[in-house]
Amino acid sequence: MSGKDYVEKDYYKVLGVPKDASATEIKKTYRKLAREFHPDANKGDTKAEERFKDISEAYDVLSDEKRRKEYDEARNLFANGGFRSGGPGGTGSYSFDFGDLFNGSQGGGGSGGIGDVFGGLFNRGGRQAQPRRGSDVETEVTLSFEEAVDGATVPLRMTSQAPCHLCNGTGAKSGTTPRVCPTCVGSGTVSRGQGAFALSEPCRDCRGRGMIVDDPCTDCHGSGRASSARTMQVRIPAGVQDAQRIRLKGKGAQGERGGQPGDLYVSVHVDPHPVFGRKGDNLTVTVPVTFPEAALGGTIEVPTLNGPSVKLKLPPGSANGLTLRARGKGATRKDGTRGDLLVTVEVVVPQTVTGDALTALEQYREATASDDPRAALFRAAKGA
């Protein structure tokens, strides 16, 4: 919007309030008009839509104390775009071309006109195309069990949207430039009344970019974005688990007009291990033991992941399913410490017994014949 258009619009008249209206009166009037002329309540009515835009624009200025003051001062200074002055004979009047004030002097080497003075008023930050944050990028990676436990640096090839190299992200054909969207005045958003509230949403005309491209770039067709493939080395932290989603801040798609990049989200898949399992920060392993080891106790040797084996003490009379713990032999935690290795004992029963082993087992059965392991079960059943 030019300075001339800005000053010549009577925002008080648009809202139907006096120039000395209070902030509360302005807000109350705006809410009433916004409900009346909201596009959702006037589907297909272009006049109502334009009226709603004018109302929103007027409220945008008059609801801001500083901007309202600057607007009032500018209108008082320029008196609706023309000066009244005496003519050659000292009487009469002539119309001053308001555009000359903002287009600068006509002579060479002159200043940029009074528009330079009010540039800060008519081209406020909210009226210019704003930086846009880059979009988030999703990718996935498959790790071995060992890589997930200890951490790994892996290459990730990603395809995301980046500024078009041919037009440098403007979306306009070489030698041309985009223009500020007249609907949102470059902000990329428009205010929509919703009951007693004013909500902001992306501008439909420029799709939130704040700019309109009349002569689009041949590569990106006016979007200012193009697909970009890149490979980057990403460190997957130790202790990551299957199906976990990792966020890498600022590693997503590049932003527009100096906006911050988006984030990269990595979905992790972990291949199973033939020996070890995982339970949180602990690793698990099942170790078979013989019947004599379980009955008499002893020391058993247990493998660890990517390290030397450990020896654990098996207590006498160990039952099948007993869990032993090897401390510090599990997965790496966030603080650098490690979980434990949980060892489940599995008593192995031989399928066939012959020779001296058979003789010894028969003798053992005779020696323990009075020990009935099911006696307590039957006593409990009868008492139930």
Side-chain angles (χ1 to χ4, degrees), residues 1-9 46 49-50 53-54 56-57 60 74 81 97-137 157-190 200-232 250-262:
M1 179 187 299
S2 69
K4 176 181 177 181
D5 292 339
Y6 183 90
V7 174
E8 286 189 335
K9 284 191 175 182
T46 56
E49 185 174 353
E50 289 300 321
K53 291 178 182 178
D54 291 340
S56 299
E57 181 182 328
D60 187 39
D97 187 354
F98 193 98
D100 291 342
L101 287 172
F102 292 90
N103 294 330
S105 60
Q106 301 300 317
S111 67
I114 203 166
D116 293 340
V117 178
F118 290 93
L121 171 61
F122 302 131
N123 297 285
R124 308 181 65 88
R127 299 280 183 203
Q128 298 172 349
Q130 299 296 301
R132 293 185 68 191
R133 179 182 180 274
S135 59
D136 295 333
V137 178
R157 183 170 177 80
M158 300 173 297
T159 301
S160 61
Q161 293 292 309
C164 174
H165 291 292
L166 184 61
C167 65
N168 294 320
T170 66
K173 188 176 181 180
S174 179
T176 66
T177 56
R179 58 186 174 88
V180 175
C181 174
T183 302
C184 65
V185 202
S187 67
T189 59
V190 293
S200 293
E201 62 183 24
C203 175
R204 299 176 183 176
D205 293 341
C206 66
R207 298 182 180 180
R209 295 193 65 205
M211 308 295 288
I212 298 291
V213 177
D214 295 315
D215 197 356
C217 168
T218 55
D219 272 16
C220 66
H221 307 292
S223 69
R225 313 292 284 175
S227 295
S228 174
R230 56 184 171 132
T231 300
M232 61 184 301
K251 299 298 183 181
Q254 299 179 39
E256 289 188 60
R257 300 185 291 277
Q260 295 294 322

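The chain is numbered in sequence order, starting from 1.
- Taking T46 as the reference, nothing meets the side-chain contact (heavy atoms from CB on, under 4.5 Å) condition, with sequence neighbours excluded.
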Would T189 and C184 satisfy side-chain contact (heavy atoms from CB on, under 4.5 Å), going step by step from the backbone distance to the final call? CA-CA 6 Å; T189 59; C184 65; 5.9 Å; no

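- Closest approach of K9 and D54 over heavy atoms only: NZ-OD1, 4.4 Å.
- The shortest heavy-atom contact between P202 and V190 is O-CG2, 4.5 Å.
- With sequence neighbours excluded, the residues that form a salt bridge (charged side-chain N to carboxylate O under 4.0 Å, His left out) with D136 are R133.
- Between T231 and R157 the shortest heavy-atom distance is OG1-NH1, 3.5 Å.
- Residue pairs meeting the salt bridge (Lys or Arg N to Asp or Glu O under 4.0 Å) criterion with at least one partner in residues 215-224, sequence neighbours excluded, are absent.
- A pairwise comparison of heavy atoms in C181 and I212 identifies CA-CG1, 3.7 Å as the closest pair.
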Donor-acceptor pairs under 3.5 Å, side chain of residues 171-179 to any protein atom, not counting sequence neighbours: which ones?
unit_1: T176; atom_1: OG1; unit_2: K173; atom_2: N; d: 3.3
unit_1: T176; atom_1: OG1; unit_2: K173; atom_2: O; d: 2.6
unit_1: R179; atom_1: NE; unit_2: D214; atom_2: OD1; d: 3.3
unit_1: R179; atom_1: NE; unit_2: D214; atom_2: OD2; d: 2.8
unit_1: R179; atom_1: NH2; unit_2: D214; atom_2: OD1; d: 3.4

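- Legend: residues meeting side-chain hydrogen bond (donor to acceptor under 3.5 Å, both in side chains) with D205, ordered by chain and number and at least two apart, are T183.
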